**Q** 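Before I ask anything, let me first share the structure, which is written out below as C-alpha cells.
In what follows, chains carry the letters A, B, and so on, assigned in the order in which the sequence lines appear, proteins first and then strands, with residues in each chain numbered from 1. Every value quoted in this text rests on a predicted model; they were computed, and no experiment measured them.
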Amino acid sequence: MVIRRAPDLRSSEITDEKLYLRRREFMKTAAVPAVAAWAGLAPALALASGQDALPNVRKSVVTLDDALTPWADVTTYNNFYEFGTDKSDPARNAKHFRTKPWTVRIDGLVNKPGDYHFEDLVAPHALEERVYRLRCVEAWSMVIPWVGIPLKDVLKRVEPQGGAKFVEFTTLHDPKQMPGQRIGVLDWPYVEGLRLDEALHPLSILAVGLYGKVLPNQNGAPIRLVVPWKYGFKSIKSIVGIRLAAKQPVSSWQASAPQEYGFYSNVNPDVDHPRWSQARERRIGEFLKRKTLMFNGYADQVAGLYAGMDLKKFY
Amino acid sequence: MRASRLIKPLVFVAAMGPLAYLSLGAWQGRLGANPIETITRSTGLWTLRFMLITLAVTPLRRLTGWNGVVSLRRMLGLFAFFYGSLHLLTYVWLDQFFDWAAIVKDVAKRPFITAGFSAYVLLVPLAITSTAGMIRRLGGRTWRRLHRLAYVTAALGVVHYWWLVKADIRPPRNYAIVLGVLLFARVYVFARSRRQA
C-alpha cells in the first residue's frame, strides 16, 4: 500500500481515529486479516441478497472529509444504460438481475488465464472500505464508501506478461436480463480500458459493495471497477471479462462519440466536454455548484502517471 | 355552447398540472437525488409539449371541423411561454445561481444552450403580440406572418433537446417527428389552396 496522504484526503468521522493513527502498522499486517476475512466471507456471499452486510470489511484507508452521499441517492440515481437510459431505470429494471453464479474471464497476455468464479476472484483479498468521490461526465458528483479489493492485487495474481500494456474490461451481454441492450444506444457489450500502470495504481479497485453492504444490482453488481480520478463511465459495471493487451482498447463511449469521449477521460476542469463545461459540478444533495478538482482531487496521487502528456490532446 | 365555455377553464387547470405536480414533489422531497435536474427537465419538456400542442390546433380544426378548438390556441401558446420562462428561470437561478459570467459563456459557447436560448427569445414577441389589441394593431396579415415564428421556435426547441442528450436520441427524435408531421400538414394545406386559387 503506497497511498500517500494528500492535503485533501483527511481522516473523517467514519475512520476510527485510533485505527487511522496506526495505519502503517495496520497495513503491514494486512495479509493476515486477508485470510481471516475470507473464512467468514464465503457463506455470507452465498446468502447475500441485495442489501446484506459484508463481513470483515477493513475500515477505510483512503477517506475524505466530504459528507457521504446518502444510500438512497447512490442507489436510485444511476447511469447504467444496460438497464435503461433514465437514471431511475436501473434501480427498477435491475431488481431481478442474477449475479450468482458469476464468472469473470481473465485472458490475453497473462500467465494464469482462466474463468474465475466471483468467489475465487475475491476470496484471497481482504475487503477494504474506500471513500471516494465519483465525478460523472454530466457534471454531478457523489461521495461513496465503496467496499472492494485493489485491482493491482488481482492483476498480480494472474501474472501479466511483459508485453501487456493495457487492460480491457467487458460488461455482461445479456439482453434478456438487460433490457437496455435491446436498444442500440451503444455498441454492446460495454467495454472500457485502462493503461496497465493506471490499473496497477493503488487507488484503482474492484468494488463488490458499498456502505458495508453487498453491491446493489443497479450499482454494477456483483463486481465493478472504481477509478476515482476518471469520469464515472470509466468505472465499468458488472464485469465478466478482463483482458490484458498490448494495444490500447477502444471504449464504448469512445466508439460512440470519439470527439467527446477520449480513452483517458481523466476528470479535468480545464478540458470541457465539447457540449458543456467541466469547470464545476453539482454534488448530489448540495444546492450550489462546486469547483471541479483536477483529477477529481487525486492529483497528488495520480498526476505522475501523466507527466509530460498534453491532457487537452489525451482527454 | 356551454360545453365550449367550460372547456377553457378545464384546459387551464390541466395545463397547470405539471407545475402543481412539480411543486408538490418539491414540497414532499420526491424529486429524486438531483431535484434541480428534475425541475429543469420537466419544465423544458412541457415547454416543448405545449409548443407542439399549440401548433396542432389548426390542423386539428381542419381535420375535425371543430372550430371551438381555436379559442384555446392563445392560452396553449401562452402556456408554452410560461413553462419556457420557468425553464429559463430554473437554469438562471437554481442551476447557475445568477452566475452571469458563466451564463453568458454558456449561451455563446454551448450550441445546445444557444439554440434553447434563441427559442425562448423568439417566444417573447409571440407572447407580447398575443392580445386582441395587438392583433388589431398589427393587422391580421402581419400578425399571422409574425406568428409563423412558432415553427422556428419549436424547431429550435427540438434541436436544443437533441444536442443535449448523450446517446439516447429516441426522445428528441420523437418530438422531431411530431413537429415534422405538423409542419407537413401546414405546407400541404397551403400548397393545395394555392393550386385551387
**Q** Applying a criterion of heavy atom separation less than 4.5 Å, what residues of residues 167-183 of chain A form contacts with chain B?
**A**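 Expected list: A:Ile183.
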**Q** Under 4.5 Å heavy-atom distance to chain B, tell me which part of A:Pro70 shows up: side chain, backbone, both or neither.
**A**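 When you check distances to chain B, no heavy atom of A:Pro70 falls under 4.5 Å.
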**Q** Let me know if A:Val74 has heavy atoms under 4.5 Å from chain B in its side chain, its backbone, both or neither.
**A**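 For A:Val74, neither part sits under 4.5 Å from chain B.
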**Q** Only one of A:Gln278, A:Arg133, A:Arg135 passes side chain to side chain donor-acceptor pair (under 3.5 Å) with A:Thr292; say which it is.
**A**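 Going through A:Gln278, A:Arg133, A:Arg135 one by one, the side chain to side chain donor-acceptor pair (under 3.5 Å) with A:Thr292 is satisfied by A:Arg135 alone.
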**Q** Would you check if there is a donor-acceptor pair between the side chains of B:Tyr120 and B:Ser85 at a distance under 3.5 Å?
**A**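 Side-chain D/A pair, B:Ser85 to B:Tyr120: present.
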**Q** By a 4.5 Å heavy-atom criterion (distance strictly below it), what part of B:Leu94 contacts chain A: side chain, backbone, both, or neither?
**A**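 Both parts, heavy atoms under 4.5 Å.
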**Q** Is the centre of the B:Phe81 ring less than 6.0 Å from the centre of the B:Phe50 ring?
**A**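 Centroid distance B:Phe81-B:Phe50: not below 6.0 Å, so no.
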**Q** Is any side-chain N of the basic residue among A:Glu82 and A:Lys237 closer than 4.0 Å to the acidic one's carboxylate O?
**A**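 Answer for the salt bridge query: no.
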**Q** Suppose we call two aromatic rings close when their centres sit under 6.0 Å apart. Are A:Tyr190 and A:Tyr81 close by that rule?
**A**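 No, the ring of A:Tyr190 stays outside the 6.0 Å limit from the ring of A:Tyr81, centre to centre.
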**Q** For the ring pair A:Phe83 and A:Phe97, is the centre-to-centre distance below 6.0 Å?
**A**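 Judged by ring-centre distance (under 6.0 Å), A:Phe83 and A:Phe97 do meet the cut-off.
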**Q** Among A:Trp276, A:Tyr261, A:Trp140, who wins on heavy-atom pairs under 4.5 Å with chain B?
**A**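 Greatest number of close heavy-atom pairs with chain B: A:Trp276.
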**Q** Measure distances from B:Lys166 to the heavy atoms of chain A and classify the residue's part below 4.5 Å as side chain, backbone, both or neither.
**A**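 For B:Lys166, backbone and side chain are both near chain A.
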**Q** Looking at B:Lys105 and A:Asp272, is there a salt bridge between them, counting it only when a charged N and a carboxylate O are closer than 4.0 Å?
**A**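 Salt bridge: no.
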**Q** Go through A:Glu286, A:Arg280, A:Met142, A:Arg282 and name the one with the most non-hydrogen pairs under 4.5 angstrom from chain B.
**A**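 Of the candidates given, the most pairs with chain B belong to A:Arg282.
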**Q** Could you walk me through whether A:Val267 and A:Tyr231 satisfy the side chain to side chain contact (heavy atoms under 4.5 Å, CB included) test, starting with their C-alpha distance in whole Å, then the side-chain angles of each, then the deciding distance to 0.1 Å, before giving a yes or no?
**A** CA-CA 6 Å; A:Val267 175; A:Tyr231 291 118; 3.8 Å; yes
**Q** Does any donor atom in the side chain of A:Lys87 or A:Asn78 lie under 3.5 Å from an acceptor atom in the other side chain?
**A**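 No donor-acceptor contact under 3.5 Å links the two side chains.
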**Q** Heavy-atom pairs under 4.5 Å with chain A are the metric here; pick the option from B:Asp95, B:Ile169, B:Leu164, B:Val165 that has the most.
**A**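 Top option by heavy-atom pairs under 4.5 Å: B:Asp95.
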